[in-house]
Enquirer: 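Before anything else, here's the structure in question.
Values below: every heavy atom of this structure, side chains too, minus hydrogens, waters and symmetry copies.
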Amino acid sequence: MKRAALFLQIIILLPAVLTAQISLDIEKTVLDNGLTILTYEDHSFPTVSYQTFVNAGSRDELRPGATGIAHVFEHMMFRGTPSHPDYDDAVAHMGPQTNAYTGQDYTCYYVNARAEFLPEIIAIEADRIRNLDFTNETFRRELGPVKEERRRFVDDDPDGFLEEQIYRLAYTRHTYEHPVIGWQNDLEKNMTFRDAADFREVYYSPNFVTIVIGGSFDTENVLNLIQQHYGDWPSHLPPIGRIRKEPPQSKERTLDLTWKSPEIPAKAAVAYHIPDLNYMDNDILALQILQRMLFSESGKVRKKLKDELGLVESIRADAEGMKDPGLFLIRMNLTNPENIDSALTVLYSQIDSIKVNGVSKEDLVRAVNSMKAEYLYRLDRPARIVGTIGYYHLVGGDHKLMFEYYEQLGGVTVKDLQDAAKEYLKESNRNVVVLKPADAA
Amino acid sequence: MRRKEGQVLKYILIVSILLFAVTCSGGEKNAVSDEPGIIKFVSVPVDRLPVVHFGMVIKSGSASDPQGKEGLAWFTANLLKRGSKSYNREQIEKGLEEIGGQLDVRVEREAIVITGKTLRENLDKYYAIFSDIILNPKFPSDEVAGLRTDQEQAIKNIIRNDARLCHEAFLRELYDGHHYSHPAQGNLGSAAKLTANDAERFYRKHFVKGNVICGLAGMYSPEFEKKFQDDMNKLKRGMVQDRTEMVAQPAELRVVLVEKPGRDQSQIRIGKMIDYTRRDSLWYTYLAANTYLGQHRESFGRLYTAIRSERGLSYGAYSYHEHFRQSGWSKNPMPLTPFNPQYFSIWTYPKRINTEFAIKMAVHELHKILTGGIEPNQLQKFVSFQVNHFPFLIETAEQQLLMQMEEIYYGQPDFIENFEKKLQSVSHANISDILNQSWSSDALLIVVVTDSAGAMKEELLTQETSLELPSGATEAGLEDVNNRVKNIDLGLEAKDIRIIDAEKLFN
């Protein structure tokens, strides 16, 4: 067992405004089988958060026809083991918050509970990841709720559908092209029990798993328990095959679609390729600041399109850092289907004006301040702290990036924003999906 | 430069002390006066972060909308953020963003809830905006058109979202003729006519001392707390009379089908009005029983087990022993969403073809608990679940603040303190008798948002219940129960089933 004690300290220095400081003492341990454990001991809470991160998500679904298998397998993990045939029944007496989520880059299983239950949680979580008992029958049955989940959040939800389509358009080779929940056709016809078993065989292995624990516990005792329950868990072979890189986009791509019913507003999604989560340069941070500056409550683009021109009902954007190059994704609901062209023209001209005229220092400071404060507010309970540690460890490759994010946000300059806008928010790098209601087509 | 270093050291010290000083037991509570006509204050002066949280509850919500002005509470609350004596909308938005401050307003049936937070070192700047909005609102007429547009879209967004539509249609039907029958956002027709003068009148009537609960949580000084109290006491004196309006409930089961074309999935709400409140000891019995029947987003509930785990018919199936809204992305109930009278409900969302079966399965599971009660060991397990789950409702300073404000709202100053004791006293002995008092499975209201409502009406009347399991799954071991469920006679006649058009629901 290798342990590295790290005392990490960040100073939040918001230009002219914030000076508050937070310290988080995070310890990293790696067992001989490759299992990584990150612990954040904090006795100011009566609770603990125990989160198991599997370093595989829909990005790792390489076999055609098996899209959505990472998510389906996440569902299967609640199906029980020989020792605990009903997982939720086994943990119910502890009154925990339990759930899981699958993303493009990783899958997370969390259990938040009163601190005294941590030894029992470690035993149950180790048992289910090592000894999951699932059959073709339970696999087939679980596909039902997954298909209903898809119906609810994609097939009957125009926002979910639009998001699926913009990723499909923006990626031509990389596996970000397909949705986390999988294509309905794969869920209905193509996915097999063998796919689930294979996915488990490759990725549910200690060398692909990180356990992050936060809250009230004794680190030494907990590491001993983890060694006891996971120490003899053998590693599996690494996966065969690799994720293909997305080639640079050279020309704008567009797609016009019609929704199946008339009651929705016309919608548009605009996506630009952006760099992965890497703070070696300022590009991703600059794009995240631009996203806040342009699309927040007082954001310039939002003000222009919604309040001044009344072209959109709502508009929002994301620029999430991903393992591989992700998207600067803008979504808008139009006030009228006829406004689509005007709204897109105004959007592009607002972005272009940044390339030419830059932004004000005042706007930059405001955006950075609100981002930093929001980040600080999130660190209010073990579950959120642990989730943040896990995100940076899994996606960025090092949990210390959670501190670099703070430090480097304050160092982003007006020129960085202008350069990032020029480099990434350009027509040749753009993808646009328009979704109109049935009767407007 | 030296001054900045000094500030840094100060915060290191404060944070270090608090990291080890805070417990999550609900916070030390101040005595709260129960004198009528004065503002009730809550103070939770501890936290591990240099953050100050604000809370304010106006004990009037959309139920206080005058007839013909449905949506006025929502309109008023949202107009507050669009201009005050010293700040216009842009100054408020930019001012808050500049310091990383947050300010949220939500409107419930019986309350307007205003919450906010700021970093400690920006407290003065934040409070200048917050207090001006609360004490000196301007109700700017040049913001009315924009807000009306937002309100109209908020109503349309209910209609567009099947789950929200189903729930609001359920409430509209359940509380027909009552002030709860319209959404907090109002109706399209009424909301379009609201004016700044209407908002000002609503403010003057309801933002009065006897109708307000205020609170602070986090890192603030006693001096600031006093200033906050002194300032909020500048609100006009006055009280708003509490009222409880009962609603006559039909004695028979009834179904409302909300027609929405192009759906592959149906949204279902089943429920009825209830007569217990949080002040009743029986409330804890219903809480425990509901945990067993259908605890929100937990897979051990009977409904979830029968509908999702065993048959794969829906992504979820849950029950609620009182009005419920999820708090953000957590599974926790949002504090301060009062209803009086309250209601019990079951939610699920199966594929269109399995809708009737899912309804009958839910009724079947409800009937089982009403007739068979709950085994003692099962009951104890779910009592333990709630007892051990409770810390997550008061885990942060903000949650403690809202929960303590909720205690005051409900007139239960010891709710947090006595929660475990009262829950542990729940007995299984006569539990089915107790549950039958409020949850009896007759006279239920069933609301379904669905495609081809006319065909569904026929299916419900002819009792031809279809069941389509996921491809490849079998009925092994479930055949008997499935047949029994299919053969349940809901006793519906044509007059018991109404079809309504989603687009016309909130005109």
Side-chain angles (χ1 to χ4, degrees), chain A residues 11 14 17-23 42-47 78 86 88-89 92-97 99 112-114 117 136-137 140-145 147-149 151-152 155-156 188 260-261 263-264 296-298 307 310 313-314 365-366 369-370 372-374 376-377 379-381 438, chain B residues 4 7-8 11-12 15 19-20 22-24 48-51 90 93-94 97-100 117 119-122 146 153 159-160 162 261-265 297-300 308 312-315 331 349-351 381-382 384-389 391-392 395-396 469-474 502-503:
Chain A
I11 298 175
L14 300 193
V17 186
L18 301 180
T19 55
Q21 175 168 312
I22 297 291
S23 299
D42 184 342
H43 294 274
S44 65
F45 296 103
T47 55
F78 291 84
D86 185 332
D88 286 284
D89 198 52
H93 68 283
M94 295 187 272
Q97 294 176 315
N99 211 335
N112 310 322
R114 292 175 91 126
F117 292 118
N136 186 43
E137 175 65 27
R140 287 285 149 203
R141 223 167 256 183
E142 195 56 45
L143 279 175
K147 284 184 274 190
E148 292 313 311
E149 185 180 357
R151 259 185 267 281
R152 181 170 184 196
D155 299 328
D156 280 355
E188 290 281 359
K260 57 189 176 182
S261 60
E263 80 282 5
I264 68 159
S296 71
E297 188 92 8
S298 64
D307 298 337
E313 287 183 4
S314 60
V365 169
R366 200 166 51 243
N369 282 359
S370 69
K372 286 193 165 184
E374 203 170 90
L376 182 68
Y377 296 147
L379 304 179
D380 65 350
R381 66 195 79 177
Chain B
K4 277 189 179 175
Q7 284 181 335
V8 171
Y11 282 116
I12 292 172
V15 172
L19 275 172
F20 294 95
V22 179
T23 64
C24 206
R48 55 186 302 285
L49 296 172
V51 176
E90 185 176 356
E93 288 173 357
K94 287 190 171 177
E97 200 167 325
E98 185 172 302
I99 57 174
K117 64 181 85 167
L119 293 166
R120 169 69 181 89
E121 63 201 81
N122 291 324
Q153 283 156 8
I159 299 167
R160 291 164 182 165
D162 292 4
R263 266 56 213 161
D264 296 325
Q265 190 177 70
R297 300 288 309 278
E298 296 293 346
S299 56
F300 51 66
R308 173 169 162 167
L313 301 183
S314 174
Y315 181 52
K331 299 179 183 178
Y349 19 93
K351 197 173 175 181
K381 183 164 64 185
F382 295 117
S384 296
F385 174 88
Q386 290 294 353
V387 166
N388 289 320
H389 196 72
F392 295 107
E395 197 176 14
T396 68
L469 294 176
S471 59
T474 69
E503 290 295 314

Enquirer: Side-chain contact test, heavy atoms from C-beta onward, threshold under 4.5 Å: evaluate it for A:Ser298 versus B:Lys94 and give yes or no.
Expert: yes
Enquirer: Give, as side chain, backbone, both or neither, the part of B:Glu298 having an atom under 4.5 angstrom from any heavy atom of chain A.
Expert: side chain
Enquirer: Answer with side chain, backbone, both or neither: which region of B:Ser314 has an atom nearer than 4.5 Å to a non-hydrogen atom of chain A?
Expert: backbone
Enquirer: Do B:Tyr349 and A:Arg152 come close enough that some side-chain heavy atom pair is under 4.5 Å?
Expert: yes
Enquirer: List the steps, then state whether salt bridge (charged side-chain N to carboxylate O under 4.0 Å, His left out) holds for B:Glu93 with A:Arg366.
Expert: CA-CA 11 Å; B:Glu93 288 173 357; A:Arg366 200 166 51 243; over 6 Å; no
Enquirer: Counting only non-hydrogen atoms closer than 4.5 Å, does B:Leu313 touch chain A with its backbone (N, CA, C, O), its side chain (CB onward), both, or neither?
Expert: backbone
Enquirer: Quick one: do A:Lys260 and B:Asp264 make a salt bridge, cutoff under 4.0 Å?
Expert: yes
Enquirer: Would you say B:Gln153 and A:Ser314 are linked by a side-chain donor-acceptor pair, where the criterion is simply a distance under 3.5 Å?
Expert: no
Enquirer: Which atoms of A:Asn112 come close to chain B, meaning under 4.5 Å heavy atom to heavy atom: side chain ones, backbone ones, both, or neither?
Expert: both
Enquirer: Side chain, backbone, both or neither: which part of B:Lys331 has a non-hydrogen atom closer than 4.5 Å to chain A?
Expert: side chain
Enquirer: Heavy-atom distance under 4.5 Å to chain B: side chain of A:Phe117, backbone, both or neither?
Expert: side chain
Enquirer: I'd like to know if A:Glu374 pairs up with B:Lys117 as an ion pair, taking the criterion as any Lys NZ or Arg NE/NH1/NH2 lying under 4.0 Å from an Asp or Glu carboxylate oxygen.
Expert: no
Enquirer: Is it true that B:Glu98 and A:Lys372 make a salt bridge, defined as a side-chain N closer than 4.0 Å to a carboxylate O?
Expert: no
Enquirer: Whether B:Lys351 and A:Glu149 form a salt bridge (side-chain N of Lys/Arg under 4.0 Å from carboxylate O of Asp/Glu) is what I want to check.
Expert: no
Enquirer: Examine whether an atom of B:Glu503 lies under 4.5 Å from a heavy atom of chain A, and if so say whether it belongs to the side chain, the backbone or both; otherwise answer neither.
Expert: side chain
Enquirer: Side-chain contact test, heavy atoms from C-beta onward, threshold under 4.5 Å: evaluate it for B:Leu49 versus A:Asp380 and give yes or no.
Expert: yes
Enquirer: Using a cut-off of under 4.5 Å on heavy-atom pairs, state which of A:Glu313, A:Glu263, A:Glu188 scores highest against chain B.
Expert: A:Glu313
Enquirer: For a quick check under 3.5 Å, do A:Thr47 and B:Glu395 share a side-chain donor-acceptor pair by atom type?
Expert: yes
